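Taking it in order: structure first as structure tokens, then the write-up.
Keep in mind it's a predicted model, so treat the numbers as computed, not measured. Scope of the values below: all heavy atoms of this structure, side chains included, with no hydrogens, waters or symmetry mates. The chains referred to below are lettered A, B, ... by the order of the sequence lines, with proteins before strands, and numbering in each begins at 1.
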Amino acid sequence: MSDIFADLQWRGLIHQTTDDKHLPQFLKGGGRTIYAGFDPTSDSLHVGGLMPLMYLRRLQKAGHRVIALVGGATGMIGDPSGKSEERKLLDEQALQRNVEGISRQMRRFLDFEGPNPALLLNNFDWMREFTYLSFLRDVGKHFPVNVMMAKDSVRSRLERDDVGISYTEFSYMLLQAYDFVHLHQQHGCEVQVGGSDQWGNITAGIDLARRMNGVQLYGITCPLLLTSTGQKMGKTEQGAVWLSAEKTSAYLFYQYWMNVADEDAGRCLRFLTELPHAEIDALDRSRAEAPQRRDSQRRLADELTAMVHGEEGLATAQRATEIFFGGEIGAMNDEQLAEIFADVPSKALPRQRLEGEGLGILDAFCEAGLAGSKGEARRTLQQGGAYVNNRRREGEDTRLTVADLASETVMVLRSGRKKYALLRFQ
RNA sequence: GGGGGGUUUCCCGAGCGGUCAAAGGGGCCAGACUGUAAAUCUGGUGGCUUAGCCUUCGAAGGUUCGAAUCCUUCACCCCCCA
């Protein structure tokens with residue numbers, strides 16, 4: 001059995017632990033029960049969720065029993081950690097839908113079936129039964145308010161006079177702390193892992209368990225997944241990068257990793273892939289010597305896309321990449337094109353437009369929305385930026401006919417380097 | 001209440017009776033270069049049935065052969081004096 005703690009350490013995934021001396025030994029050989037929490041604010045996880053998922057996956061592979069805890073109850077309250085504003089509360093129904101979506105995604109990372117199945121739990125299941133009085137008596141009793149006030153997540157909000165913090169969010173810590181206690185009681189869970197911003201919540205749980213039950217639990221935090229410029233990873237101008245294909249296509253997901261900055265690539269490879277150390281070292285060298293090859297980014301994109309979208313999703317993303325970056329489009333059918341150009345706007349036109357003398361290329365670009373006016377289309381064309389099926393076309397009076405279709409009904413137009421639009425002729 | 005200045009094309013900003021679709025910059029678009037990066041360079045940047053025509057310079061009227069440019073009224077903004 002490999003040394004899981006050493007591996008985590010090598011990958012830079014140990015930010016802080018509650019017991020540096022004991023934990024490496026404690027985790028050796030497997031058999032421990034470990035949990036991480038997931039926030040159900042949406043029906044899909046985004047890139048940030050990859051960290052805890054891969055963490056649990058590594059631990060499960062190392063022979064530990066892992067619990068993915070979906071915070072149905074805590075999600076209704078909102079964790080103030082790292083948030084600058086009071087958060088909106090979710091209703092029960094939305095929450096349920098989100099929990100279902102998220103758990104579907106987890107199945108790609110964690111094994112819920114085999115001899116050592118992961119557990120998926122929702123803290124709403126035990127929190128809903130709690131009465132206010134019993135919660136105050138059993139849990140609240142053990143929390144000195146002065147200690148709570150000292151926690152970073154709370155203090156940062158108290159020090160600002162423009163936002164403040166509600167009693168509800170202030171109490172969040174108690175709920176998460178109790179989760180840990182509950183999981184220990186019911187499932188023998190002894191370790192909680194989370195991002196470095198979770199330290200306060202994790203230690204609160206450890207304290208609570210000691211006070212309520214006199215047991216010693218452990219916590220491990222990992223670094224947050226940040227870019228070299230200090231931004232959260234997974235954010236683009238178009239918004240978050242999601243794990244669900246409906247929200248972020250396999251192609252865009254793939255491209256996100258393909259475009260990771262050189263400075264961030266090494267960390268991502270360590271944090272998010274299971275590549276062996278030797279291979280990661282080799283990629284580091286390749287990145288230093290021949291950054292233009294972008295071996296690291298390609299490997300990262302391959303690994304993660306396969307993980308999240310499966311081999312099929314990866315194949316689609318790769319095929320789309322080939323085409324989006326130059327490849328001529330030939331011998332395709334509608335279905336393949338639809339898959340590749342899933343994120344590209346399209347417009348349907350009657351097929352008659354292609355018949356007779358055909359559709360003027362300027363009109364085609366206007367119809368497709370690639371040009372706001374014929375004048376603009378003309379300019380693009382004159383400057384050599386007009387492509388049909390990835391082939392540069394020239395001449396204002398070019399007419400497009402059935403012969404210019406890329407597949408049965410679709411024509412792929414492009415303006416400039418990579419602005420695409422489809423015309424569907426039905 | 002009195003006096004002065006302003007409102008220009010996506011943004012900033014020049015224009016102060018014809019040569020104004022309106023300088024310059026930013027942004028944006030295209031091209032070259034490149035690592036699907038950054039920077040840089042080149043060109044373009046109201047519409048159309050494009051040697052021409054139409055619409056645009058806060059709004060509406062007016063003067064004039066001709067107005068973004070002059071006059072009147074209105075709206076909004078800024079400054080100064082009381």
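- Counting only N and O atoms by type, the side chains of D7(A) and H277(A) include a donor and acceptor under 3.5 Å apart.
- The minimum heavy-atom distance between I206(A) and Y218(A), with the atom names listed, is CD1-C, 3.6 Å.
- Judged by a 6.0 Å distance limit and a 45° cone about the ring axis, R107(A) is positioned over the six-membered ring of F112(A).
- With Q192(A) as the partner, the side chain to side chain donor-acceptor pair (under 3.5 Å) test is satisfied by one option alone out of H184(A), Q198(A), Q176(A): Q176(A).
- Atom CZ in R294(A) sits about 11 Å away from atom C1' in U34(B), given to the nearest Å.
- U34(B) atom P lies 12 Å from atom CD of Q292(A), rounded to whole Å.
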### Message
For a ring pair (Phe, Tyr, Trp, His ring centres under 6.0 Å) check, start with the C-alpha distance between Y55(A) and F271(A), then their side-chain angles and the critical distance, and finish with the verdict.
### Response
CA-CA 8 Å; Y55(A) 221 105; F271(A) 285 3; 9.2 Å; no
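- Dense packing is recorded around CZ of R351(A), with more than 12 heavy atoms of other residues, nucleotides or ligands lying under 6.0 Å away.
- In this structure, the CG atom of N390(A) is 15 Å from the P atom of U36(B), given to the nearest Å.
- Regarding E263(A), its CD atom lies at a distance of 13 Å from the P atom of A38(B), rounded to whole Å.
- Minimum interatomic distance between R108(A) and R57(A) (heavy atoms only, all atoms of both residues): O-NH1, 3.7 Å.
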### Message
Let me check I have this right: for RNA chain B, each base becomes ., (, ), [, ] or |, based on Watson-Crick or G-U pairs with both distances under 3.5 Å. What is the full string?
### Response
(((((((..(((.....[.....)))((((((.......))))))(((...)))...(((((..]....)))))))))))).
### Summary
Reading nucleotides 25-32 of chain B from 5' to 3' and marking B where a protein heavy atom lies under 4.0 Å of the base, S where only the sugar-phosphate is that close, and - otherwise, the string is ----SSSS
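- The side chain of Q297(A) approaches G35(B) more closely than any other nucleotide in the set G35(B), U50(B), U36(B).
- Take the nearest nucleotide of RNA chain B for C366(A) and for A261(A): the residue whose nucleotide is more 5' is A261(A).
- Distance noted for atom C1' between A32(B) and A67(B): 44 Å (whole Å).
- For the C1' atoms, the distance linking C16(B) with U8(B) amounts to 12 Å, nearest Å.
- Comparing the P positions of G5(B) and C12(B) gives a spacing of 22 Å, expressed to the nearest Å.
- Taking atom C1' in both A23(B) and A68(B), one finds a spacing of 14 Å when rounded to whole Å.
- Going from the C1' atom of G46(B) to that of C28(B) covers 15 Å, rounded to whole Å.
- Between the C1' atoms of U45(B) and U49(B), the separation comes to 23 Å (whole Å).
- Of the residues near RNA chain B, D363(A) and R298(A), the one whose nearest nucleotide (by heavy atom distance) lies more toward the 5' end is R298(A).
- Rounded to whole Å, the C1' atom of A39(B) lies 11 Å from the corresponding atom of C33(B).
- Rounded to whole Å, the distance from CZ on F253(A) to C1' on U36(B) is 17 Å.
- In this structure, R378(A) atom CZ and U49(B) atom C1' are separated by 10 Å, rounded to whole Å.
- When the C1' atom is used for both G17(B) and G13(B), the distance is 22 Å, rounded to whole Å.
- When the P atom of U36(B) is taken as reference, atom OH of Y251(A) falls 12 Å away, rounded to whole Å.
- More than 12 heavy atoms of other shown residues, nucleotides or ligands fall within 6.0 angstrom of atom CD in Q16(A).
- No side-chain donor-acceptor contact under 3.5 Å links E159(A) to the backbone of S156(A).
- Crowding of R155(A) atom CZ: a count of heavy atoms from other residues, nucleotides or ligands under 6.0 Å exceeding 12.
- In this structure, K374(A) reaches the U49(B) phosphate: one of its side-chain N or O atoms is under 4.0 Å from OP1 or OP2.
- Across the protein-nucleic acid pair, D302(A) atom CG and U36(B) atom P stand 16 Å apart, rounded to whole Å.
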